[in-house]
Amino acid sequence: MAIASDQFFAESYLTLAMPTIAQTLLVFLPGFAWGVWLPYVSATIILIVGLNTLTKDFADRQGLDKFVALGPLFIAIPIAVFGTEHFTATTIIAGMVPGWIPGHMFWALFVGTCLIAAALSIAAGKYAWLAAALLGFMICLFVLLIHIPNIAGAPHSRILWVVALRDFAFAGGAFSLSAAQKDAWTPVARNRLVTLARLSLAMAIPVCGVGQFLHPELLSGIPLERSTPVWIPARLLWSYLAGVVFVIAGISMLINKRVRLAATAAGLMTLFLVVVMYVPLLVSKPSDIGEGLNYLADTLLLCGSLLAFAETQPESLAFYHQSSEAEAPSVQAKAG
């Protein structure tokens, strides 16, 4: 009962995942490792649906606001991947359900169905406010029922703290996506949802930033366990740069100053990491779900969460550009 991620998949993924429901249903294609490729199929479908939905909105935007518009898509794709893995690695994920909850297999499949449905709803723009709100609530339950008890059992584990804060940031992204649908909420309810999203991201992002400085050898973005391959160019530079951007953005969101600009900057930094680190890592070994696809999906979901939060803020990024242009003549006049 959790979002499947790199934290829970070892090299024995394929052995543990077989036979799976998906492979049983699709046995008519012998030799095809559905446990590996089905997440790619679902991601591709969501990508196509999402791009079709975004076409008009994306064309109407200017400058960096075009990237902000991609937030829903960058959330939907990873959610679809994780949802699919609930069917291709059901045994592993069922083992993550707390022991006092009955029906482990049922909850693993039920949550997978919910994740896929949420991804499709968000990508298609149909009842996205409801799907995103429920998604955020469900992720909060993961934190409450899984991560907090894990931390209580091993409070000195850095990884457990990072994973909990990561999922809390994902919940903030889902709440942001829901709050961006202004017509679905009263002003008071929307403001509370945005505040919850801001605080959840403001707690997680600086921690990830500090982690870049403490462990620059780890893959940047969400510093978990895997080291950055030596063939990634300038790998330490990207780690330190991400650390600076994340800490500054997190502080800005915490004090509620220029938060749209801060969230967008952190989102773009994360997207840059996806392109220069995680895509090459995935291409180098596409069949490695635990340390390839899931790492990319995690980081892309963090990117989408930050961009989705930026969308909740009233001023567009063009506002800052126009303000700076308006201030320049004023400064010159005072100097004259």
Donor-acceptor check, side chain of Y295 to backbone of R226, threshold 3.5 angstrom: yes or no? yes
Can you tell me how far apart CG (L109) and NE2 (H104) are? Round to the nearest 0.5 Å. 13.0 Å
Set of ring pair (Phe, Tyr, Trp, His ring centres under 6.0 Å) partners for F58, sequence neighbours left out: none
Which heavy atom in L201 sits nearest to a heavy atom in P206, and how many Å separate them? O-CD, 4.0 Å
Return the CG to CD1 distance between L120 and I45, rounded to the nearest 0.5 Å. 9.0 Å
A262 backbone acceptor or donor facing S252 side chain under 3.5 Å: no
Do L301 and F74 make a side-chain contact, defined as non-hydrogen atoms from C-beta onward lying under 4.5 Å apart? no
Closest heavy-atom contact between A69 and D57? CB-OD2, 3.9 Å
Are any side-chain N or O atoms of T84 and backbone N or O atoms of P39, one a donor and one an acceptor, separated by less than 3.5 Å? no
Yes or no on side chain to side chain contact (heavy atoms under 4.5 Å, CB included) for R260 and D65, after CA distance, side-chain angles and deciding distance? CA-CA 10 Å; R260 184 181 180 105; D65 278 327; 2.9 Å; yes
Within-4.5 Å side-chain heavy-atom neighbours: N294 and V81: yes
Chi angles and distances behind the side chain to side chain contact (heavy atoms under 4.5 Å, CB included) call for F67, T264: CA-CA 8 Å; F67 289 98; T264 304; 5.6 Å; no
Quick one: are L145 and M96 in side-chain contact, heavy atoms under 4.5 Å? no
Give a yes or no answer on whether the side chain of T228 reaches the backbone of L218 with a donor-acceptor pair at less than 3.5 Å. yes
May I have the step-by-step check of side chain to side chain contact (heavy atoms under 4.5 Å, CB included) for R235 and V230, ending in yes or no? CA-CA 8 Å; R235 59 190 184 279; V230 295; 3.9 Å; yes
Give the intermediate values and the outcome of side chain to side chain contact (heavy atoms under 4.5 Å, CB included) for residues D298 and Y278. CA-CA 10 Å; D298 262 354; Y278 293 95; over 6 Å; no
Is there a path of hydrophobic side-chain contacts, each under 4.5 Å between heavy atoms of I, L, V, M, F, W or Y residues, that connects L199 with I255? no
In the structure I gave you, are the side-chain heavy atoms of C140 and F175 within less than 4.5 Å of one another anywhere? yes
Okay, side chain of W238, backbone of V276: is any donor-acceptor separation there less than 3.5 Å? no
Is there a side-chain contact between I122 and I79 (heavy atoms, below 4.5 Å)? no
Out of curiosity, L254 CG to I205 CD1, how far, rounded to the nearest 0.5 Å? 12.0 Å
Is it true that a side-chain atom of N150 and a backbone atom of I146 form a donor plus acceptor pair closer than 3.5 Å? yes
When you group the ILVMFWY residues by side-chain heavy-atom contacts below 4.5 Å and let the links chain together, are L296 and M277 in the same group? yes
Atom OH of residue position Y40 - does it have more than 12 heavy atoms of other residues, nucleotides or ligands inside 6.0 Å? yes
Between M253 and V247, is there a shared hydrophobic cluster once you connect ILVMFWY residues whose side-chain heavy atoms come closer than 4.5 Å? no
Tell me, with the steps shown, if W231 and S284 meet side-chain hydrogen bond (donor to acceptor under 3.5 Å, both in side chains). CA-CA 11 Å; W231 49 265; S284 69; 5.5 Å; no
Indicate the atoms forming the closest heavy-atom contact of C208 with G221, along with that distance. CB-O, 3.5 Å
To the nearest 0.5 Å, what is the distance between CZ (F246) and CD1 (I222)? 8.0 Å
Validation row: S42, I46 side chains within 4.5 angstrom (heavy atoms): no
Is it the case that the side chain of T312 and the backbone of A308 share a donor-acceptor pair, with hydrogens and angles ignored and the cut-off at 3.5 Å? no
Please answer whether the main-chain N or O of V49 pairs with a side-chain N or O of T53 as donor and acceptor at a distance below 3.5 Å. yes
Should we count CZ of F106 as having more than 12 external heavy atoms under 6.0 Å? yes
Quick one: side chain to side chain donor-acceptor pair (under 3.5 Å) pairs with a partner in residues 190-202, sequence neighbours left out? none
Looking at V245 and A265, what are the two nearest heavy atoms and their distance? CG1-O, 3.9 Å
Interatomic spacing from CG in L141 to CE in M138 - rounded to 0.5 Å: 8.5 Å
When rounded to the nearest 0.5 angstrom, what distance separates CG in L144 from CZ in F168? 11.0 Å
Just so I know, are the side chains of P223 and R158 near enough to count as touching, which here means a heavy-atom distance under 4.5 Å? yes
Residue pair R166 / L224: nearest heavy atoms and the distance that separates them: NH1-CD1, 4.3 Å
Between the main-chain N or O of P102 and the side-chain N or O of W107, is there a donor-acceptor pair closer than 3.5 Å? yes
Which atom of P229 lies closest to which atom of L219, heavy atoms considered: CD-CD2, 4.1 Å
Decide yes or no for L38 and F87: does some side-chain heavy atom of the first lie under 4.5 Å from some side-chain heavy atom of the second? no
Between E311 and K66, does at least one N-O distance fall below 4.0 Å, as a salt bridge requires? no
Give a yes or no on whether V283 and I289 share a hydrophobic cluster (residues Ile, Leu, Val, Met, Phe, Trp, Tyr; joining criterion: side-chain heavy atoms under 4.5 Å apart). yes
